[in-house]
Amino acid sequence: MRIFDPHIHMTSRTTDDYAAMAAHGVQALVEPAFWLGQPRTSVGSFVDYFDALIGWEPFRASQYGIKHHCTIALNPKEANDPRCREVLEVLPRYLAKDGVVAVGEVGYDSMTPEEDEVFSHQLQLAEQFELPVLVHTPHRDKAAGTTRTLDVVKESGLAPEWVVVDHLNEVTVKEVADSGCWMGFSIYPDTKMDPDRMVAILQQFGTERILVNSAADWGKSDPLRTYATAQAMLAAGFTEDDVDQVLWRNPVAFYGQSQRLDLGDVQAADSFEGNSILRGARP
């Protein structure tokens, strides 16, 4: 079994987590830029953090045979802090870097006018740098936030297949499925989604355009939730090929649109037409 975790915050995890992930089939991951756990007070803290995402964390992951990629953005939670807004001027420098496979996390936290402005600006950056977009949906008023997110994405002119709307649940999945965007689900021990609920969604909506992640972060979370979901899928009657599609080929297809995935010796399935998705042109 091979697993590509498309959303996991390894900055908040230990090397023991890397070892456990590797032992359970995780061979590649994407680490989205997110908040520090406490308020940042200057743009310099973002610069140091972004440098770690493109340098230190790939090195840490490589010690366990895991390919590390990242996304870069001013996250929604900090978009409301005027001390952080200058980072928007720094983002282009990092969005041009190898290993940066999307703009993210962007989107909404409290759905403020400041978040509207920052979200729209970063969607424009995604268009400029020809990168996919990872969108965070708010923890509060999720249904309204998801609808508003899809409206902003549509207004931006970005093709929906270049956008994954994350942290979905049973209430929000259909609207995103109908939009043509990718559907992202975070599997947690006690909150968000769990493996059995995820299996039920896969049974209803199929395995296309779905990304399953552990999103492991500062709070109670588990970097092996992707593996647990794979086991739940098999127990429910899904095939090994179904598992491979959801937990490997789908993330490769989505982030491969950046043309920056570097999987090294970890190859996509032979049926992927010679890995053409990794070299595919922007639609």
Side-chain angles (χ1 to χ4, degrees), residues 4-13 26 28-36 40 46-58 60-61 66-79 84 87-88 90-109 115 118-137 149 152-153 156 158-159 161-168 181-186 211-218 223 226 250-263 278 282:
F4 187 140
D5 194 325
H7 182 153
I8 182 168
H9 300 289
M10 294 310 297
T11 296
S12 67
R13 313 307 298 191
V26 178
L29 62 85
V30 169
E31 177 166 4
F34 79 140
W35 74 302
L36 183 64
R40 287 183 170 96
F46 281 96
V47 170
D48 291 338
Y49 172 53
F50 293 160
D51 284 343
L53 288 182
I54 65 175
W56 173 239
E57 284 303 328
R60 275 216 303 163
I66 297 174
K67 290 291 184 178
H68 180 287
H69 308 82
C70 70
T71 76
I72 296 291
L74 172 59
N75 70 84
K77 194 174 185 69
E78 294 175 307
C84 300
V87 76
L88 294 175
V90 176
L91 292 181
R93 181 201 320 171
Y94 288 94
L95 294 177
K97 298 286 187 180
D98 291 338
V100 177
V101 295
V103 176
E105 296 178 55
V106 299
Y108 289 113
D109 180 55
E115 291 172 28
V118 170
F119 188 12
S120 295
H121 179 82
Q122 293 185 106
L123 290 176
Q124 293 173 15
L125 287 175
E127 180 73 22
Q128 177 184 344
F129 285 88
E130 299 188 345
L131 289 174
V133 182
L134 170 62
V135 180
H136 167 99
T137 52
T149 291
V152 173
V153 169
S156 76
L158 281 175
E161 61 267 26
W162 277 68
V163 178
V164 57
V165 182
D166 214 341
H167 309 315
L168 299 180
C181 293
W182 287 70
M183 298 155 275
F185 298 88
S186 300
L211 301 182
V212 173
N213 64 72
S214 66
D217 55 21
W218 302 113
T226 48
N250 281 356
V252 169
F254 179 73
Y255 288 114
Q257 295 176 108
S258 71
Q259 302 187 54
R260 295 182 187 174
L261 274 186
D262 178 12
L263 297 178
L278 301 182
R282 180 179 175 87

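Just so it is clear, the model here is predicted, and its values are computed rather than measured.
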- [ ] Please state whether the rings of Phe46 and Phe50 are parallel, tilted or perpendicular, taking 30° and 60° as the class boundaries.
- [x] tilted
Task: Closest non-hydrogen atom pair between His68 and Leu29, with its separation - done: CD2-CD1, 3.4 Å
Task: Nearest non-hydrogen partners of Ser258 and Leu131, listed with the distance - done: CB-CD2, 3.8 Å
- [ ] State, yes or no, whether a side-chain contact exists between Pro132 and Val164 at a heavy-atom distance under 4.5 Å.
- [x] no
Open item on the list: Testing the 3.5 Å rule here: is there a donor-acceptor pair between the side chains of Thr11 and Glu31?
Closed with: yes
Open item on the list: Please find the pair of heavy atoms, one from Val30 and one from Pro6, that lie closest to each other, and give the distance.
Closed with: CB-O, 3.6 Å
TODO: For the residue pair Phe4 and His69, categorise the inter-ring angle as parallel (less than 30°), tilted (30 to 60°) or perpendicular (more than 60°).
DONE: parallel
- [ ] Give a yes-or-no answer on whether the side chains of Ser186 and His167 include a donor-acceptor pair shorter than 3.5 Å.
- [x] yes
Task: Atom pair NZ (Lys97) and CG (Leu95), whose distance is rounded to the nearest 0.5 Å - done: 11.0 Å
Task: Min side-chain heavy-atom separation Leu88-His121 under 4.5 Å - done: yes
Task: Beyond-backbone contact of Ser156 with Gln124, side-chain heavy atoms, under 4.5 angstrom - done: no
Task: N/O donor-acceptor pair under 3.5 Å between Arg260 side chain and Val101 backbone - done: no
- [ ] Please name the pair of heavy atoms, one in Ala126 and one in Val133, separated by the smallest distance, quoted to 0.1 Å.
- [x] CB-CG2, 3.3 Å
Open item on the list: Could you measure the distance from the NZ atom of Lys67 to the CG atom of Leu261? Nearest 0.5 Å is fine.
Closed with: 11.0 Å
Task: Donor-acceptor contact below 3.5 Å, side chain Gln122 vs main chain Leu91 - done: no
Task: Minimum heavy-atom distance between Glu105 and Phe34, given as atom pair plus value - done: OE2-CB, 3.9 Å
Open item on the list: Between Leu134 and Tyr255, does the side-chain contact (heavy atoms from CB on, under 4.5 Å) criterion hold? Intermediate values first, please.
Closed with: CA-CA 10 Å; Leu134 170 62; Tyr255 288 114; 4.2 Å; yes
Open item on the list: Could you work out, with side chain to side chain contact (heavy atoms under 4.5 Å, CB included) as the rule, every residue matching Pro223, not counting sequence neighbours?
Closed with: Ile8, Arg13, Asp17, Met21, Ala216
- [ ] Using the side-chain contact (heavy atoms from CB on, under 4.5 Å) rule, take Leu263 and Val252 through it: C-alpha gap first, then chi angles, then the decisive distance, then the call.
- [x] CA-CA 9 Å; Leu263 297 178; Val252 169; 4.0 Å; yes
Open item on the list: Please determine whether side-chain contact (heavy atoms from CB on, under 4.5 Å) holds for the pair Thr149 and Val152, giving the CA-CA distance in whole Å, both sets of side-chain angles, and the decisive distance to 0.1 Å.
Closed with: CA-CA 5 Å; Thr149 291; Val152 173; 6.0 Å; no
Task: Heavy-atom side-chain contact between Asn213 and Asp166 under 4.5 Å - done: yes
TODO: Check whether any side-chain heavy atom of Asn250 sits under 4.5 Å from a side-chain heavy atom of Phe254, and report yes or no.
DONE: no
Open item on the list: Please check: side-chain N/O of Trp182 versus main-chain N/O of Glu161, any donor-acceptor pairing under 3.5 Å?
Closed with: yes
Task: Thr226 versus Val212, closest heavy-atom pair with distance - done: CG2-O, 3.7 Å
Open item on the list: Does either side chain, that of Asn75 or that of His136, offer a donor lying less than 3.5 Å from an acceptor on the other one?
Closed with: no
TODO: Can you tell me which residue pairs pass the side-chain hydrogen bond (donor to acceptor under 3.5 Å, both in side chains) test with a partner in residues 46-58, sequence neighbours excluded?
DONE: Tyr18-Glu57, Asp51-Tyr94, Glu57-Arg60
